[in-house]
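Chain letters run A, B, ... following the sequence lines, proteins first and then strands; every chain starts at 1.
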2 protein chains.
Amino acid sequence: MNRLPVAERREQLIEAALAVASRDGIDAATVRAVAAEAGVSLGVVHYCFQDKDELLRAMAHAITSANLERSLGELPAEAEDVESVIEGVLEALWAGIRDSRGPQLLSYELTTSSLRHSELNQVAIEQYRGQWAAAEQVLDLVERSAHVSWSMPRGAIARSIVAVIDGFSLAWLVDGDSEAARNGLQGFGRYLATIAVPAPIEADAAASLA
Amino acid sequence: MNRLPVAERREQLIEAALAVASRDGIDAATVRAVAAEAGVSLGVVHYCFQDKDELLRAMAHAITSANLERSLGELPAEAEDVESVIEGVLEALWAGIRDSRGPQLLSYELTTSSLRHSELNQVAIEQYRGQWAAAEQVLDLVERSAHVSWSMPRGAIARSIVAVIDGFSLAWLVDGDSEAARNGLQGFGRYLATIAVPAPIEADAAASLA
DNA sequence: GGTTGTCCTGGTCGATTGTCCAAGTCAAGT
DNA sequence: ACTTGACTTGGACAATCGACCAGGACAACC
């Protein structure tokens, strides 16, 4: 067994916990299973983390960050008409979910666990705050790409984006119908396009017109 | 302890399991906790159910049926314009969820548990089949009340209704913002109204015109 | 080369879990 | 009254869990 500084060992254990929980569910992420996945002995976990809850909180933080990066990582930004931009963005978000079934299911397990166990109280709300913020950044991107603003409060739209993606993702996890999820999100994209309004002439846009 | 025929005892235990799981989460619904909630001794549970999974499956079936009855139970059916009918229907569905936080959270716990544990394999899909069917019946109601049909496949619309309600409900469970959920669902209602088209004259409608 | 402190090992403990069982209790039928 | 069968009781069991600990191993520094 390699000797590692405690900080690196923590990261390794967090990744091991993420692997176990994504593969077999959050209940399977026992201290023993995580230690085995990481290839270390049982005591190491309690040497690096005060207790199991601290490990789970760290894991939750890791998956939240990973989801955020994934969401904002590979968004297409080709300037076209509003509808196409929105469709492309939603398609990219959906592709990220479809290709990570285990972590996505784990996210929902973390949400419900957080709502039941006070030790994980902050996990769910942080998860959603991150997603709502990411959705607002997506709205920024659409605004800049398609030169539009919105006929509804941005916060409300961001919340809707997260809600709709969550809803279709959950259904897809249950029945595996990717096509239905795609179609549903495309329909939502068309709706989003209807609440986009041409942006007023602003400083930069005015400059490009001069 | 009263003596009861096994069938009635089963129902009582299912209700006890529902109470414990709704209040404290699905993990808290241990055989012992359920027995204590029902006021019976430990052995009774295994006298009435082969094992714990059978009890949980029965509980899941009960909550699915309850959700279905609740959804279709108190739908307003006053004939007005499409938008008002849809808004009223969504408001009724949302009210049912808002007033049953524990069971609603339990539903999501059951969904994720079902997706992880093969013993509960059928639970989630039955849950969703029920909800999709209920959503289609809601569409029926709107059609008859407002005399419209739809410019999209009914199945797709039903799936969207369930997805959107799921998504907003989940967010509401996390941050408790009822107003945001209401507003989001109202926005979805306005969208639904845009994909409703006036119904072609049919037999009964034609008769009422004669 | 000895010392110090970090990191790792593997066993052990008490608590909780699902499952099982031998015995007890009670109502109904003969 | 007595038997039969349905229902109940509460303890016992093995398995698994998080937590803890005494000690071994290793690298860095004096």
Side-chain angles (χ1 to χ4, degrees), chain A residues 1-21 23-60 109-110 113-114 116-121 123, chain B residues 1-21 23-60 109-110 113-114 116-121 123:
Chain A
M1 183 67 260
N2 285 347
R3 287 172 70 92
L4 285 182
V6 60
E8 293 182 29
R9 187 64 78 194
R10 276 177 62 107
E11 306 257 352
Q12 182 197 4
L13 288 174
I14 291 171
E15 288 221 16
L18 213 39
V20 174
R23 181 178 357 106
D24 301 323
I26 194 175
D27 290 335
T30 65
V31 175
R32 283 171 175 80
V34 171
E37 176 84 15
V40 301
S41 63
L42 185 57
V44 173
V45 179
H46 280 92
Y47 179 74
C48 296
F49 298 91
Q50 191 171 12
D51 54 19
K52 187 195 174 187
D53 294 322
E54 189 182 321
L55 170 60
L56 286 187
R57 280 192 296 266
M59 184 192 73
E109 293 182 280
L110 277 171
S113 288
S114 167
R116 291 292 192 189
H117 308 308
S118 57
E119 319 86 50
L120 303 178
N121 242 349
V123 167
Chain B
M1 183 67 262
N2 287 347
R3 289 171 72 91
L4 285 181
V6 60
E8 293 182 29
R9 186 65 77 195
R10 277 179 60 108
E11 305 257 353
Q12 181 198 4
L13 288 174
I14 291 171
E15 288 222 15
L18 214 40
V20 173
R23 180 180 356 106
D24 302 323
I26 192 175
D27 290 334
T30 65
V31 175
R32 282 170 176 80
V34 171
E37 177 82 17
V40 301
S41 62
L42 185 57
V44 173
V45 178
H46 280 92
Y47 180 75
C48 296
F49 298 92
Q50 191 171 13
D51 53 19
K52 187 194 174 187
D53 293 321
E54 188 181 322
L55 169 60
L56 286 187
R57 280 192 296 267
M59 184 192 72
E109 293 181 279
L110 276 171
S113 288
S114 166
R116 290 292 191 189
H117 309 306
S118 57
E119 319 85 48
L120 303 178
N121 243 349
V123 167

J.: Minimum heavy-atom separation for V6(B) and C48(B), please, with both atom names.
T.: CG2-SG, 4.0 Å

J.: Going by salt bridge (Lys or Arg N to Asp or Glu O under 4.0 Å), name the pairs with one or both residues in residues 34-45 of chain A, residues two or more places apart or in two chains.
T.: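 Every pair satisfying salt bridge (Lys or Arg N to Asp or Glu O under 4.0 Å) with a residue in residues 34-45 of chain A: R23(A)-E37(A).
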
J.: What integer distance in Å separates L56(A):CG from dC17(D):P?
T.: 13 Å

J.: Heavy atoms only: give me the nearest A28(A)-V20(A) pair and the separation to one decimal.
T.: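 The pair with the smallest heavy-atom distance is O-CG1, 3.6 Å.
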
J.: Base, sugar-phosphate, or nothing: which does V45(A) touch, judged by heavy atoms less than 4.0 Å apart?
T.: nothing

J.: Please tabulate the protein-to-nucleotide N/O contacts below 3.5 Å involving nucleotides 15-19 of chain C, giving atom names and distances.
T.:
unit_1  : atom_1 : unit_2 : atom_2 : d
dG18(C) : OP1    : K52(B) : NZ     : 2.9
dG18(C) : OP2    : V31(B) : N      : 3.1
dG18(C) : N7     : R32(B) : NH1    : 2.8
dG18(C) : O6     : R32(B) : NH2    : 2.9
dT19(C) : OP2    : H46(B) : NE2    : 3.0
dT19(C) : OP2    : K52(B) : N      : 2.8

J.: Using a cut-off of less than 4.0 Å, is there contact between a side-chain N or O of Y47(B) and OP1 or OP2 of dT8(D)?
T.: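 Checking dT8(D) against Y47(B), no side-chain N or O comes under 4.0 Å of OP1 or OP2.
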
J.: V45(A) and L13(A): which non-hydrogen atoms are nearest, and at how many Å?
T.: CA-CD1, 4.0 Å

J.: Measure the spacing between CG of D53(A) and CG of N121(A) and express it to the nearest 0.5 Å.
T.: 11.5 Å

J.: Filter on side-chain hydrogen bond (donor to acceptor under 3.5 Å, both in side chains), then keep only pairs touching residues 38-47 of chain A, sequence neighbours left out; what's left?
T.: none

J.: Measure the distance from CG on L4(A) to C1' on dA25(D) and round it to the nearest whole Å.
T.: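 Computing the L4(A):CG to dA25(D):C1' distance gives 15 Å.
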
J.: Looking only at heavy atoms, what is the nearest atom pair of A21(B) and M59(B), with distance?
T.: CB-SD, 3.9 Å

J.: Identify, residue by residue, the members of residues 10-21 of chain A with a heavy atom below 4.0 Å from DNA chain D, and return them in order of residue number, or none.
T.: none

J.: Would you please confirm or rule out a distance under 4.0 Å between OP1 or OP2 of dT6(C) and any side-chain N or O of R9(A)?
T.: no

J.: Between the protein and nucleotides 27-30 of chain C, list the N/O to N/O atom pairs that are separated by less than 3.5 angstrom.
T.:
none

J.: Scan for salt bridge (Lys or Arg N to Asp or Glu O under 4.0 Å) pairs involving residues 9-20 of chain B, sequence neighbours excluded, and state none if there are none.
T.: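 Every pair satisfying salt bridge (Lys or Arg N to Asp or Glu O under 4.0 Å) with a residue in residues 9-20 of chain B: R10(B)-E54(B).
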
J.: Between the main-chain N or O of G25(B) and the side-chain N or O of E109(B), is there a donor-acceptor pair closer than 3.5 Å?
T.: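 Side chain of E109(B) to backbone of G25(B): no pair is present.
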
J.: In Å, rounded to the nearest 0.5 Å, how long is the span from CZ of R116(B) to CG of D27(A)?
T.: 9.5 Å

J.: At their closest point, which heavy atom of L120(B) faces which heavy atom of S113(B), and how far apart are they?
T.: CD1-CB, 4.2 Å

